[in-house]
Asks: 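Take this structure first; my questions come after.
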Amino acid sequence: MHQVTLAGLTVDTRHVIGGERVASTETFESVSPIDGATLAHVARGGSAEVNRAVEAARAAFPAWRDLGAEGRREILHRLADLVERDLEQLANLETLDNGSLLRSHRRGVMPRVAMNLRFFADWAVEKLHHPVWQTRGHDNVVSWDPSGVAALITPWNAPLMLATWKIGPALAAGDTVVLKPAEWTPLSASYFADLADEAGVPAGVFNVVQGFGAEAGAALVAHPGIARISFTGSVPTAKAIARSAADNLTPVSFELGGKSPLIVTDDADLDLAVELAVEQYDNAGQVCLSGTRLLVHENIAEAFQARFAEKAQQLRQGDPREEATQIGPQIHRVHLERIQGFVERATADGARVVIGGGPNDELGGLYFRPTLIADAKPGSEILTAEVFGPVLAVQTFASDDDAVELANNTEFGLAAVVVCGNRERAERLTKNLVAGTIWVNCFFVRDLAAPFGGSKKSGIGREGGTWSFDFYADVKNTVYAPTGWKD
Ligand code: ADP
């Protein structure tokens with residue numbers, strides 16, 4: 001009753017608390033976006049389960065801390081091995097649960113899950129814990145001490161990848177973890193907990209409480225026993241979490257939404273510009289980093305738009321398990337209707353639909369056609385709010401200064417893409433763009449050592465490389481004098 005077999009894996013639908021599977025009296029349904037099939041009934045946790053999980057994580061903390069970075073590295077590498085062993089099944093499970101392309105889960109996302117674990121496990125051993133400078137003969141020795149229990153709250157668009165982007169550094173830093181996965185995609189985290197157990201992660205070091213944001217999530221972030229909160233999700237939820245965190249002064253790391261610009265200058269390689277622009281539909285537009293505002297120089301706007309429309313309309317939409325599919329379904333009916341609402345309000349407000357504009361009637365279900373909006377009023381919703389679907393809006397500019405002004409005219413500052421034919425011109429452009437990550441003539445090139453996060457309302461803090469440890473650990477400076485030693 002508490003287990004389902006999916007994609008060749010046995011998935012337990014209960015919480016994981018202190019190394020035990022724990023049921024709740026109530027459950028919620030996990031539904032596949034591919035065909036609406038009910039996949040599982042998952043334990044619906046609340047404050048009781050959260051309290052137990054935080055207690056278990058606190059109890060497990062001293063031993064995990066004392067194991068040291070080398071000991072933790074060994075276990076995390078074993079866990080990564082197990083992810084790789086079950087990669088095919090995990091990829092299938094994730095596709096069933098969140099509807100993203102199977103081929104990208106296979107080739108990109110799940111290998112990255114393993115990488116998230118290996119990278120931070122190695123980084124903790126190789127890049128931290130060394131004296132960094134001297135002051136009048138005194139050694140300053142910086143250490144990154146484990147800080148306690150990390151509460152991790154994760155979204156549904158790349159469930160296990162974004163969860164391990166936090167789990168990897170948190171565990172490597174010596175923290176113990178309570179994870180609350182998104183309620184629309186609870187399954188991969190649950191199976192991952194079994195792998196953690198098999199890899200030898202001690203009981204209580206990694207806990208999973210399933211449930212809704214307003215219940216399990218809210219209880220977790222309000223808990224006084226947690227040392228860190230790392231959250232990826234929407235701005236309104238971040239505000240609610242920040243309010244809870246304020247009561248305990250719990251440090252937070254927020255990775256939030258975006259309305260990123262993709263700027264195409266008039267000397268840009270047009271083929272490359274079109275290709276990169278079409279990539280913004282990846283994962284059916286459910287990517288916080290997407291460059292959803294296409295800002296195109298007026299001299300090339302017509303040519304760009306014609307080529308873009310042609311290419312975007314060729315995208316193959318359908319079952320995400322099929323190799324040829326390029327765009328799968330949206331995550332949930334509620335979300336599809338939200339996306340539709342954005343497009344309807346944009347057109348009611350005078351904007352024009354260039355391509356797409358609504359659900360794909362041939363396919364039915366949750367498939368929304370790749371959409372391009374033009375002629376939207378400056379400052380209107382479609383140019384300012386995050387849609388989180390396959391909906392891009394095009395605007396034109398006359399000078400690079402205009403482009404920067406348009407690009408920065410948003411409350412977000414997560415990412416930007418610049419397509420430009422001249423390096424100096426690109427450098428001038430990027431200098432004044434406000435964004436955590438800027439890609440020039442490329443998109444989605446990610447290095448785990450690089451800082452990642454958002455400016456303005458796109459986030460608080462940076463993760464990646466040492467930045468992750470700066471967040472999950474207590475950074476300590478110990479100053480050793482050159483005198484006073486007896487040996
Ligand atoms: P989205 O709108 O993309 O679903 P959310 O920010 O609502 O994004 O959700 C991201 C994660 O935050 C999910 O795991 C969700 O359950 C959780 N969440 C939602 N509301 C709260 C809350 N009040 N406190 C803590 N977590 C929450």
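Order of appearance sets the numbers: ligands from 1, and atoms from 1 within every ligand. FYI, the numbering just counts along the sequence from 1. Keep in mind that what you see is a predicted model, and the values were worked out from it rather than measured.
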Asks: For ligand 1, would you mind listing the residues that have at least one heavy atom less than 4.0 Å away, ordered by chain and number?
Replies: Ile153, Thr154, Trp156, Lys180, Pro181, Ala182, Glu183, Gly213, Gly217, Ala218, Phe231, Thr232, Gly233, Ser234, Thr237, Ile241
Asks: Kindly write out the residues that satisfy side chain to side chain contact (heavy atoms under 4.5 Å, CB included) with Glu279, not counting sequence neighbours, or none if the list is empty.
Replies: Glu275, Leu276, Asp282, Phe443
Asks: Please list every donor-acceptor pair under 3.5 Å in which a side-chain atom of residues 7-16 meets a protein atom from a residue at least two apart or in another chain.
Replies:
| residue | atom | partner | partner atom | Å |
| --- | --- | --- | --- | --- |
| Asp12 | OD1 | Arg14 | N | 3.0 |
| Asp12 | OD1 | Arg14 | NE | 3.0 |
| Asp12 | OD2 | Arg14 | NH2 | 2.9 |
| Thr13 | OG1 | His2 | O | 3.0 |
| Thr13 | OG1 | His41 | O | 3.2 |
| His15 | ND1 | Gln210 | N | 3.0 |
| His15 | NE2 | Ser24 | OG | 2.7 |

Asks: Hey, is Glu386 close enough to Lys259 for a salt bridge, meaning N to O under 4.0 Å?
Replies: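 Between Lys259 and Glu386 there is no salt bridge, as every charged N stays at least 4.0 Å from the carboxylate O atoms.
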Asks: Could you check whether Glu198 pairs with Arg85 (Lys NZ or Arg NE/NH1/NH2 to Asp/Glu carboxylate O, under 4.0 Å)?
Replies: yes
Asks: According to side chain to side chain contact (heavy atoms under 4.5 Å, CB included), who are the partners of Ala60, at least two apart in sequence or on a separate chain?
Replies: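 Residues passing side chain to side chain contact (heavy atoms under 4.5 Å, CB included) with Ala60: Thr176, Val205.
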Asks: Is a salt bridge present between Arg228 and Asp175, judged by a nitrogen-to-oxygen distance below 4.0 Å?
Replies: no
